[in-house]
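Let me begin by presenting the structure, written as structure tokens, before commenting on it.
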Amino acid sequence: MLPLPLSLSLPPKTHILPTPCLVLSNHTVSSIFNKMISLASISSPTQDIPLLSLLETCKSMDQLKQIHSHSIKTGLLTNPIVQNRIIAFCCTHEKGDMKYAYRMFDKIPQPSVFVWNNMIKGYNRIDCHRNGVLMYLDMLKSDVKPDNYTFPFLLKGFTRDVAVEFGKELHCHVVKFGFDSSVFVQNALISMYCLCGEIDVARGIFEMSCKDDVVTWNAMFSGYNRMKQYDETRKLFAEMERKGVLPTAVTIVLVLSACAKLKDLDVGKRAHRYVKECKIEPNLILENALTDMYAACGEMDVALEIFGTMNNRDVISWTAIVTGYVNRGQADLAREYFDQMPERDYVLWTAMIDGYLRVNRFKEALTLFREMQTSNIKPDEFTVVSILTACANLGALELGEWIKTYIEKHKVKNDIFVGNALIDMYCKCGDVEKAQRVFSEMPRKDKFTWTAMIVGLAINGHGEKALDMFSQMLKASIRPDEVTYVGVLCACTHTGMVEEGRKYFAGMTTHHGIEPNEAHYGCMVDLLGRAGHLKEALEVIKNMPMKPNSIVWGALLGACRVHRDAEMAEMAAKEILELDPDNGSVYVLLCNIYAACNRWDNLRELRKIMLDKGIKKTPGCSMIEMNGIVHEFVAGDQSHPETKEIYLKLDEMTSDLKSAGYMPDTSEVFLDIGEEDKESALYRHSEKLAMAFGLINSGPGVTIRIVKNLRMCVDCHRVAKLVSKVYDREVIVRDKTRFHHFRNGSCSCKDYW
DNA sequence: ATAGGGTTAG
């Protein structure tokens, strides 16, 4: 009668559903249960009610089969209510068997809408959503009309794919059958559209509803939370309060979850008050949500109080506490709770790994990851992002590569976050080609993807490619943000493209409405200063709309070092020390400059101030990864187990290089010592130790990758160039700001750094 | 005879 859009094609049902045949298994009958059945039929021989109440208490398929066989023997099965209830058990009970249900269902000549509804519900329960839809279509074909229950059952538990595939069409059916004003159906539709990501359609249905059922509101909150639109949840909750709809525990959980994300303690507390005022019985989920909200807002005392009074705690409760501390940068406190939890899942492990990342304790993050693997907890996409970040910071390419293989082999969800982290990891480990490969294989790219690639190309010395990438990004209609522009300016700086830099700096405001911040001014000062325009760089600083910070002055100081301008350096250093009196590296840099300018009196004076103030040079530290293990060296290090071999190799290296024309460059050594001692001070620099270690422990032709915490010194730069030539090795050194790719005697930075 | 909405990490 109703012209329904039945475009969903229906294959013969025997192809999809099990072949019908009713077989009752022979099994041992529990004597107690048998007695219960006898009693049930004896006590009321003419009624089937006792059997039905027995069905209500039925716990397993075994028991059900006994009831079933009993009903056949007694002839009760001919009563449709008994049949229906047996089917309903299989469809709704957590241990119910849908194959069994179907065999019975298939024997019924004209199943009622109740039975159809249950079959639909059953297939959704066991996640066979397509079978549920097919059942529904079958029902229509056999001229049975859906009722109020049909659509909630049908739509419930859809996966996203199924919802996208069938959602709209089923919505049409709802309207045509006239159930669009049923609040249960509306709620089901809202949930279904939220699942598809069609939050606006969901909101439309919500707006059409009478809005006096709390579940309708909850469904919307849930949808907004799922879409990470937490502010919408907050706004809608305020509207619900105005309307006087009373919240339930579910409402409170959803609102608290949004407040945790928004770090909105006020609304969070208000939600908390409803628990007492509305006499909502606190359950585990609600208590977890409360703990998490307070922890996320930094209120660890309150969080711990709730946590402490909980009767039951699960891994989510512990995770809330751990992440609370992690967010406050208190990794050690987080670890205390982490260690106390006996049953840790991958979320808790990842949260703790993330805790170390937040405070730049990357090696501990990797150590914990190894423990996680030993505990046989599988990493997921969140974990691999954290580990890739640690690899990026440590320059641990081998482990990073291993993670990539792991992702592919174990089918870890390869989402945009993972792609971005892979690009970052490859770039920060100096392997731009592999980063580009990941980039080109990514089906979706966001501004972070492009920015990672632009910054990555820039720090690896591919300025032109970085700028080309930037114009491609604009062509792809992705809006750059302030970080993208840092990458763009950085590309200009590292390749000395002064004019381009000026152009992009101007363009960020005019084209994209991004006001330059301190970082951008720092880039400009760097760009102009390094290119020798020191005065212009100073002008830029003087004309900044905000107070110049130590990064900006630091950029000028760095330029003064390159161009050996001691006077301007003194001024820049003074400015930095006013902002940041304990900045040891400023003193060191100024020492370098005095030494390079042969201003020994100034140098001695400064050294005295440093001694008086107890200012020490940040020890230079180099890391090299070998067979998945990160080895660390400080200058003059003798703690490595292979120290003897390393220093022997270093001697050999020095004499090899000297015969290839190496002359130590001691110009930047500011220690007040003889020339010979200066040479030996240089000789023990951490990156040289790491290079020697790398030469010993890797085969011919293998690239040596080193990460250094400070800038490379002039002498080490020279040595690395010669090593690349004399030993025919590619040497890649990542220093504090950029990469040096040494190949065949020259460096990618073209000695411009 | 059968209904709906929930917590944790990049």
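All chains are named by letter (A, B, ...) in the order of the sequence lines, taking the proteins before the strands, and each is independently numbered beginning at 1. Bear in mind the structure is a predicted one, so any value in this text is a computation, not a measurement.
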Assign the ring pair Tyr102(A) / Phe105(A) to parallel, tilted or perpendicular, where the plane angle (0 to 90°) is split at 30° and 60°.
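Geometry flag for Phe105(A) against Tyr102(A): tilted rings.
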
Taking the basic N atoms (NZ, or NE/NH1/NH2) and the acidic carboxylate oxygens, is any pair closer than 4.0 Å for [X] and [Y]?
X: Glu94(A); Y: Arg125(A); answer: no
X: Arg234(A); Y: Asp264(A); answer: yes
X: Arg335(A); Y: Glu364(A); answer: no
X: Lys261(A); Y: Asp292(A); answer: no

Phosphate OP1/OP2 of dA9(B): any Lys228(A) side-chain N/O under 4.0 Å:
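Checking dA9(B) against Lys228(A), no side-chain N or O comes under 4.0 Å of OP1 or OP2.
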
Of the nucleotides [options], which has the atom closest to the [X] side chain?
X: Phe153(A); options: dG6(B), dT2(B), dA1(B); answer: dT2(B)
X: Ser222(A); options: dT8(B), dG6(B), dA3(B); answer: dG6(B)
X: Ile316(A); options: dT7(B), dA3(B), dG5(B); answer: dT7(B)
X: Asn148(A); options: dA1(B), dA3(B), dT8(B); answer: dA3(B)
X: Thr323(A); options: dA1(B), dG6(B), dA9(B); answer: dA9(B)
X: Lys121(A); options: dT7(B), dA3(B), dG5(B); answer: dA3(B)
X: Arg85(A); options: dT8(B), dT2(B), dA1(B); answer: dA1(B)
X: Thr251(A); options: dT2(B), dT8(B), dG5(B); answer: dG5(B)

Protein-nucleotide distance (Phe338(A), atom CZ; dA9(B), atom C1'), rounded to Å
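Whole-Å distance recorded here is 13 Å.
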
Side chain of Ser257(A), base of dG6(B): donor and acceptor closer than 3.5 Å?
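Per atom types, no contact qualifies.
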
Measure distances between side-chain N and O atoms of Asn283(A) and base N and O atoms of dG6(B), and say whether any donor-acceptor pair falls under 3.5 Å.
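Side chain to base: pair found, below 3.5 Å.
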
Which part of the nucleic acid does [X] contact within heavy-atom distance under 4.0 Å: base, sugar-phosphate only, or nothing?
X: Tyr346(A); value: base
X: Lys413(A); value: nothing
X: Asn117(A); value: base
X: Asp314(A); value: nothing
X: Leu254(A); value: sugar-phosphate
X: Thr248(A); value: base

What residues in residues 357-382 of chain A put a non-hydrogen atom under 4.0 Å from any atom of DNA chain B?
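Heavy-atom contacts with DNA chain B come from Arg358(A), Asp380(A), Glu381(A), Phe382(A).
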
Residue pairs, two or more places apart or on separate chains, that pass salt bridge (charged side-chain N to carboxylate O under 4.0 Å, His left out) and touch residues 266-290 of chain A
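Passing the test, one end in residues 266-290 of chain A: Glu241(A)-Arg270(A).
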
Test ring-ring contact (aromatic ring centres under 6.0 Å, His included) applied to Phe439(A) - qualifying residues, sequence neighbours left out:
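With sequence neighbours excluded, Phe439(A) shows a ring-ring contact (aromatic ring centres under 6.0 Å, His included) to Trp450(A), given in chain and number order.
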
